[in-house]
Number of protein chains: 2
Amino acid sequence: MAISYRAGPVAVGRRLGPEEFVSVRTAHTHDPLGDWGPCGACDLGPLSFCANMGRGTVSSLARVQCTLRYDAQDTMFREGDDGTAVYVLIAGAVKVYKLMPDGRRQITGFFFRGDMFGFCLETAYAYTAETISPVLACRLPMTLLRTLSQTAPEVQHRIMLRMIGKLATFHDHVLLLGRKTARERVASFLLSLSDRACRRGEPPSPLVLPMGRADIADHIGLTVETVSRAMTRLKRDGLLDLPSPGLVVLRRPKALRGIADGLTPEAA
Amino acid sequence: MAISYRAGPVAVGRRLGPEEFVSVRTAHTHDPLGDWGPCGACDLGPLSFCANMGRGTVSSLARVQCTLRYDAQDTMFREGDDGTAVYVLIAGAVKVYKLMPDGRRQITGFFFRGDMFGFCLETAYAYTAETISPVLACRLPMTLLRTLSQTAPEVQHRIMLRMIGKLATFHDHVLLLGRKTARERVASFLLSLSDRACRRGEPPSPLVLPMGRADIADHIGLTVETVSRAMTRLKRDGLLDLPSPGLVVLRRPKALRGIADGLTPEAA
DNA sequence: ACGCGACATTGATCTGAGTCAATTTATATC
DNA sequence: GATATAAATTGACTCAGATCAATGTCGCGT
């Protein structure tokens, strides 16, 4: 793999790796695709922020967009940094978290291919973003909202849709953290990953977990040990298989859903 | 005060009480205030969604806006209802929550004077909104975003700012629920109310709690008993006074902040 | 002033998840 | 393939907060 990784908080790749991100083309390339078409800087297709967007708008975005490459465990931005851009993940996985002074950590979200994060506007980032695996991301400066608000209200509108979606997931996650048992949390978490895989057009079941148990624990408000025990128990109860720590086969998704929603008594 | 209120999905008052909402004027009344000025349907002043907004935009909003009255314990909308409008609270307090089939409840937010909630866009509401006290609210249909996106991108932009603010509070609340102790949660909750009071131009300290202990518990992921015990202990430790259950005097806000942030060892 | 009902507080006990400590299993390196 | 290292699992024990059960307090209508 002849990929040149660059050190730095925002390693910018001029060229892309050959296999991993095959159909990615150079940013700023504009094919003559007619009135509707992609920007060319990513291969997200229908998941793209620009999917089915007016060509004029797309080229405005393409002009300010840049495609960034990160290694695993890179910090993309830190809590308190000036919020200057939103990111759309093209490949890889990202976690965002907040830390307490004594080291307690809460992962407030995971992001995958097609996801947008880093919403900000005249504000600092409220959390730190760190890559879990090597990442390719499209960076959109938020100043573009001012610039494009007149000519392309579509852009604001789409970002708003993403924010509303994120708000809805927060409501769900707050319910999970405030009121669900360990078993229910793990079931809910796995199902939410599965649902998101489906929305990306991937199969719901052989589920790949790019994050470790510690990250899962810090996301759903448990300890590593409790996450592990809950998983083992779900496996023992025939609800899922764990061929390897990073792979989950959902064997009885509906029963899992029942547990996630608190319909199944804990003893079962 | 000649005010006309519309009936709605839920109990709408025809007339306003004389003292409570004194300076509220008729919606759709347009005073000749020059290029910048309020819509006239509320007395929120600088807290208003329309504060310092172009007069043309304001009158567009005033045209579609309507002012609603609710009694205490009214349901404004339910989880799953078509999301058609956002609300700005002019007076009173609202809680929004999600329920689990077995009755467990998570209050995902409280809203007060000046707050906007009910963000939606081609989506159903993700939660139920219920008033805690009598409420006066300004209702803005979300279709206006489509209508005004060209002529008044300002409106989208302002809603987006509110959403970003809400996202930031969700990150904080997820940290609270996922990683804080009972004592830290109660301290954080009281301080967040205090901060919000300040932002409304009210004093930070004699804090009025319009919600009961059960609501607080369902918001910060505890039981009534634990909330009560934590409050009592904070009082015993001289950090606050509780002249009555609904009134909190913050005696040592900085020490309270230390507890909220986990800087003070639990034993203290 | 009285009594009722809702809400808040306090106390005693229980338990689900945390903590501490190995042990096992994957992954990476040579 | 052998070995080192990190991650995951499992087990024993503890504890913060839940549960169950009174008791106390406030507001309100009569």
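These values consider heavy atoms only, across backbone and side chains, with no hydrogens, waters or symmetry-generated copies. In what follows, chains carry the letters A, B, and so on, assigned in the order in which the sequence lines appear, proteins first and then strands, with residues in each chain numbered from 1.
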Results of side-chain hydrogen bond (donor to acceptor under 3.5 Å, both in side chains) for R162(B) - residues two or more places apart only: none

Does D172(A) have any side-chain hydrogen bond (donor to acceptor under 3.5 Å, both in side chains) partners at least two apart in sequence or in another chain, and if so, which? K98(B)

Give the rounded distance in Å between these two atoms: CG of D218(B) and P of dA18(D). 11 Å

Are more than 12 heavy atoms from other residues, nucleotides or ligands located less than 6.0 Å from atom CZ of R200(A)? yes

Atom-pair distance (NZ on K180(A); C1' on dG16(C)), nearest Å: 17 Å

Hey, what are the protein-to-nucleotides 1-6 of chain C N/O distances that come in under 3.5 Å?
none

Using the test side-chain hydrogen bond (donor to acceptor under 3.5 Å, both in side chains), find all partners of S228(A) that sit at least two apart in sequence or belong to another chain. none

Rounded to whole Å, the CZ-P distance (R183(B) to dA18(D)) equals 16 Å

What does G221(B) touch in the nucleic acid at a heavy-atom separation under 4.0 angstrom: a base, only the sugar-phosphate, or nothing? sugar-phosphate

Round to a whole Å and report the spacing from CZ of R179(B) to C1' of dT19(C). 13 Å

Which residues pass the side-chain hydrogen bond (donor to acceptor under 3.5 Å, both in side chains) test with Q73(B), sequence neighbours left out? none

Mind jotting down which residue pairs meet the salt bridge (Lys or Arg N to Asp or Glu O under 4.0 Å) criterion with at least one end in residues 110-119 of chain B? Sequence neighbours excluded, please. D43(B)-R113(B), D115(B)-R196(B)

Residues forming a side-chain contact (heavy atoms from CB on, under 4.5 Å) with A260(B), sequence neighbours excluded: A187(B), S188(B), L191(B), R257(B)

Which protein N or O atoms sit under 3.5 Å from an N or O of nucleotides 9-13 of chain C?
| unit_1 | atom_1 | unit_2 | atom_2 | d |
| --- | --- | --- | --- | --- |
| dT9(C) | OP1 | R213(B) | NH2 | 3.4 |
| dT9(C) | OP2 | R213(B) | NE | 2.8 |
| dT9(C) | OP2 | S228(B) | OG | 2.9 |
| dT9(C) | O5' | S228(B) | OG | 3.0 |
| dT10(C) | OP2 | T232(B) | OG1 | 2.6 |
| dG11(C) | N7 | R229(B) | NH1 | 2.8 |
| dG11(C) | O6 | R229(B) | NH2 | 3.3 |
| dA12(C) | N6 | R229(B) | NH2 | 3.4 |

In whole angstroms, the gap separating C1' of dG11(D) from CZ of R236(A) amounts to 13 Å

Residues forming a side-chain contact (heavy atoms from CB on, under 4.5 Å) with T223(A), sequence neighbours excluded: E225(A), T226(A)

Let me test you: for the helix from dA1(C)-dT30(D) to dC30(C)-dG1(D), what is the angle between the axes at its two ends (five pairs each), rounded to 10 degrees? 50°

Value in whole Å for how far the C1' atom of dC7(C) lies from CD1 of I216(B): 12 Å

Classify the nucleic acid contact of S244(A) as base, sugar-phosphate or nothing, counting any heavy atom under 4.0 Å across all strands shown. nothing

D215(B): what forms a salt bridge (Lys or Arg N to Asp or Glu O under 4.0 Å) with it, not counting sequence neighbours? K95(B), R105(B)

Residues passing the side-chain contact (heavy atoms from CB on, under 4.5 Å) test with P245(B), sequence neighbours excluded, are R213(B)

Rounded to whole angstrom units, what separation is found between the CZ atom of R104(A) and the C1' atom of dG18(C)? 13 Å

Would you say the side chain of V186(A) lies within less than 4.5 Å of the side chain of R233(A), judging by non-hydrogen atoms? no

Could you state the atom-to-atom distance from CG of D215(A) to P of dA8(D) in whole Å? 9 Å

